[in-house]
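Report on the structure given below.
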Amino acid sequence: MCAASPMVDDLLAMANDEITTVIPGSFFVDASSIKGKKVSDAASLDQESLYKAVVKALGDADAKTRGGGQGVALHMEAQFIMSKIHHYLDTDGDGESDADRADRTAASMAIVMGGVANRLGDVEVAKQTVNRIAALLACPSLDVQTACAVGIGRAIKALPAEEGAETLNHYLKGLGTEDAATIAFGIAGVVKGLTSKSLCSHGVLDRLDQAVNDKKDAKKRETALRTYQALSLVLKNVFEPYAGVVLPQVIAKLGDKVAPVKVAAEDAWKSFTSLLSNYSLYAVMPIIGRALSDSASTSWQARVLCLNLVESKVVSARRQVTSISQSIVPSVIESLSDTKAEVQTAAKSALTTIGNELITSPEMKAMVDPIVSAIISPGDMTNPCVERLMDVTFMNPIDRPCLALMVPVLRRGLTEKRNEDKRRALLVVGNMCGLVIDGKELIPYVPAIMPDLVACVRDSSPEMRHYGATALAAFLKVGGSSALDAPDGSD
């Protein structure tokens, strides 16, 4: 996929730039004729000569050059450039033999047409432009379809609000009845023109929700998912706040039995997750966690993609994932026992990456592999791991990701049958608590570990009661009363 071209507002901002700084001088037959001329002077220059250079720029492989061509085209004489664009499109590229260049040129022209219609502010021209650009949506190129949606959005801004809403309703009625991409990018384009508020005010999300959950009509499900993809590509980060609505629906359809629906869901997932900012993870990761835990409703393919997303964000958003590690790691650990080998492999990779990338304590970094092995094979590897943890000389604070990985292993150790095994686990718990800086970090683990500590305190063996009381005291000293007040804490 070629790099995205500048948006129309950016192109209009080129007005004071010299033409030869946005389009290479080599594109002109006589570059001296435009020397010193600004982009805003485009309408006063020889249009035929200028167009020859502009059309080369519109189809150039370099996104910056294409943007320059679009900027100059927007400032050319409106009727002239529109007629040239129509001729190019009506003749399937005016003899262009390079299919990739033809697609790039068509994409650029869609943006230019929308921009020109917007600048003119003529309602009839805007209507005709929307229809002309919409005809290009049949092109299978994702770049062309995305550019068409941008162009439609600019033209829609020149229409009265009620006519924009009418156009949107036309596309919404087409859900499941026409080509999925045409409807999807048509909706995305109109929404861009009406602004993202129309997603709610005009019932777009409600209509998509109905379509994506239509069990009887696979075409509606496919088109709704394609629309989510289109909205992601066209609105970009403006669409990000709707993750709470969109992601669960996309995840649910990643395992759809109808192939086109499944493919559409995969494409929607890829487009939507690629635009997620680091700060959106506070809202997104709980959704991912619930999907991983609900193996009955979430397909194994979806679980693999969710785990891959977690792993990728560990690398690109360390701070954010670190702060929510206690809520996402349990779901990853749960996936280690999945019935599908592919899910197990993805979970092991994600868990190892979490340990290697997020744990800051040097001595604990060396323990990542043994801890992961103990989580994967608790019956065989827990005791060896706890023994190694006893030998660790803790020099640095225990951070949140470290707790998320250690607690499951220690909890297993506390429930071992042999008192010696439990004693080791209790000693490690005491050492661990001594290096937790903020007691609030322990609160999420109270329901998991407090009952086991209390059970050790009540053990029939005096020795175990002693070690249990010592570990519990260390836990309470760090966690304070907040540990006792936590939900499901022991009495």
Side-chain angles (χ1 to χ4, degrees), residues 1-8 11 22-24 26-29 48-74 76 80-117 129-155 178-186 188-189 222-223 226-227 229-230 232-234 236 259-260 263-264 266-268 270-271 274:
M1 184 184 296
C2 60
S5 297
M7 293 296 98
V8 175
L11 302 179
V22 297
I23 298 180
S26 60
F27 283 28
F28 296 89
V29 175
E48 286 289 350
S49 299
L50 185 58
Y51 175 73
K52 290 178 181 178
V54 166
V55 76
K56 287 182 183 179
L58 294 178
D60 197 80
D62 178 63
K64 187 175 181 180
T65 301
R66 289 198 305 278
Q70 294 164 21
V72 175
L74 275 174
M76 292 177 68
F80 175 86
I81 192 62
M82 291 292 258
S83 66
K84 284 294 186 180
I85 289 175
H86 290 166
H87 173 77
Y88 183 95
L89 298 176
D90 290 339
T91 57
D92 291 328
D94 199 16
E96 177 60 65
S97 58
D98 186 333
D100 290 337
R101 170 176 278 278
D103 282 348
R104 292 192 296 266
T105 304
S108 294
M109 287 181 168
I111 293 174
V112 172
M113 281 193 289
V116 171
T129 301
V130 169
N131 293 332
R132 189 67 181 86
I133 298 175
L136 285 176
L137 288 172
C139 176
S141 167
L142 197 61
D143 291 314
V144 174
Q145 292 166 346
T146 304
C148 285
V150 173
I152 288 173
R154 294 306 300 180
E178 298 180 33
D179 175 70
T182 298
I183 296 299
F185 282 93
E222 178 193 358
T223 308
R226 288 293 175 197
T227 304
Q229 177 193 19
S232 301
L233 293 170
V234 176
K236 299 184 182 298
V263 172
E266 291 171 351
D267 290 340
K270 180 179 179 181
S271 297
S274 67

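- In this structure, CG in L89 is found 5.0 Å from CZ in R132, a value given to the nearest 0.5 Å.
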(request) Determine, stepwise, if the pair M82 / T129 fulfils side chain to side chain contact (heavy atoms under 4.5 Å, CB included). (result) CA-CA 9 Å; M82 291 292 258; T129 301; 3.5 Å; yes
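- Counting only heavy atoms from C-beta outward, the side chains of R226 and D267 approach each other to under 4.5 Å.
- The shortest non-hydrogen separation linking A181 to Q145 is CB-NE2, 3.5 Å.
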(message) Using the rule given for side chain to side chain contact (heavy atoms under 4.5 Å, CB included), can you reason through F185 versus L142, listing the C-alpha separation, both sets of side-chain angles and the distance that settles it, and then say yes or no?
(response) CA-CA 10 Å; F185 282 93; L142 197 61; 3.6 Å; yes
(request) May I have the step-by-step check of side chain to side chain contact (heavy atoms under 4.5 Å, CB included) for D103 and C139, ending in yes or no? (result) CA-CA 9 Å; D103 282 348; C139 176; 3.9 Å; yes
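- Panel note: side chain S271, backbone A268; no donor-acceptor pair is recorded below 3.5 Å.
- Put simply, the side chain of R101 never gets that close to the backbone of A61: no donor and acceptor are under 3.5 Å apart.
- Here the CZ atom belonging to F28 is positioned 9.0 Å from the OG atom belonging to S26, to the nearest 0.5 angstrom.
- To the nearest 0.5 Å, atom CD of residue E48 and atom NZ of residue K84 are 4.0 Å apart.
- Taking all atoms of both residues into account, the shortest heavy-atom contact from A102 to Y88 is CA-OH, 3.6 Å.
- Across every non-hydrogen atom of G114 and I133, the tightest pair is N-CD1, 3.9 Å.
- Of all heavy-atom pairs between C148 and L136, the closest is SG-CB, 3.4 Å.
- The CG atom of L233 sits 7.0 Å away from atom OG of S274, with the distance rounded to the nearest 0.5 Å.
- Here E266 contributes atom CD and Q229 contributes atom CD; the two are 11.5 Å apart, rounded to the nearest 0.5 Å.
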(request) Begin with the C-alpha distance, continue with both residues' side-chain angles, and end with the deciding distance and a verdict on side chain to side chain contact (heavy atoms under 4.5 Å, CB included) for Q70 and L74. (result) CA-CA 6 Å; Q70 294 164 21; L74 275 174; 5.6 Å; no
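- Considering every non-hydrogen atom in both A180 and E222, the closest pair reads CB-OE2, 4.0 Å.
- When all heavy atoms of A57 and G69 are compared, the pair lying nearest together is CB-CA, 3.7 Å.
- Side-chain contact between P24 and T65 is present, with at least one heavy-atom pair separated by less than 4.5 Å.
- For the side chain to side chain contact (heavy atoms under 4.5 Å, CB included) criterion with I81, the lone passing option out of V116, L50, V72 is V116.
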(request) Check the pair R104 / D62 against salt bridge (charged side-chain N to carboxylate O under 4.0 Å, His left out), numbers first and verdict last. (result) CA-CA 10 Å; R104 292 192 296 266; D62 178 63; over 6 Å; no
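- For the atom pair CD1 of I152 and CE of M113, the computed distance is 9.5 Å after rounding to the nearest 0.5 Å.
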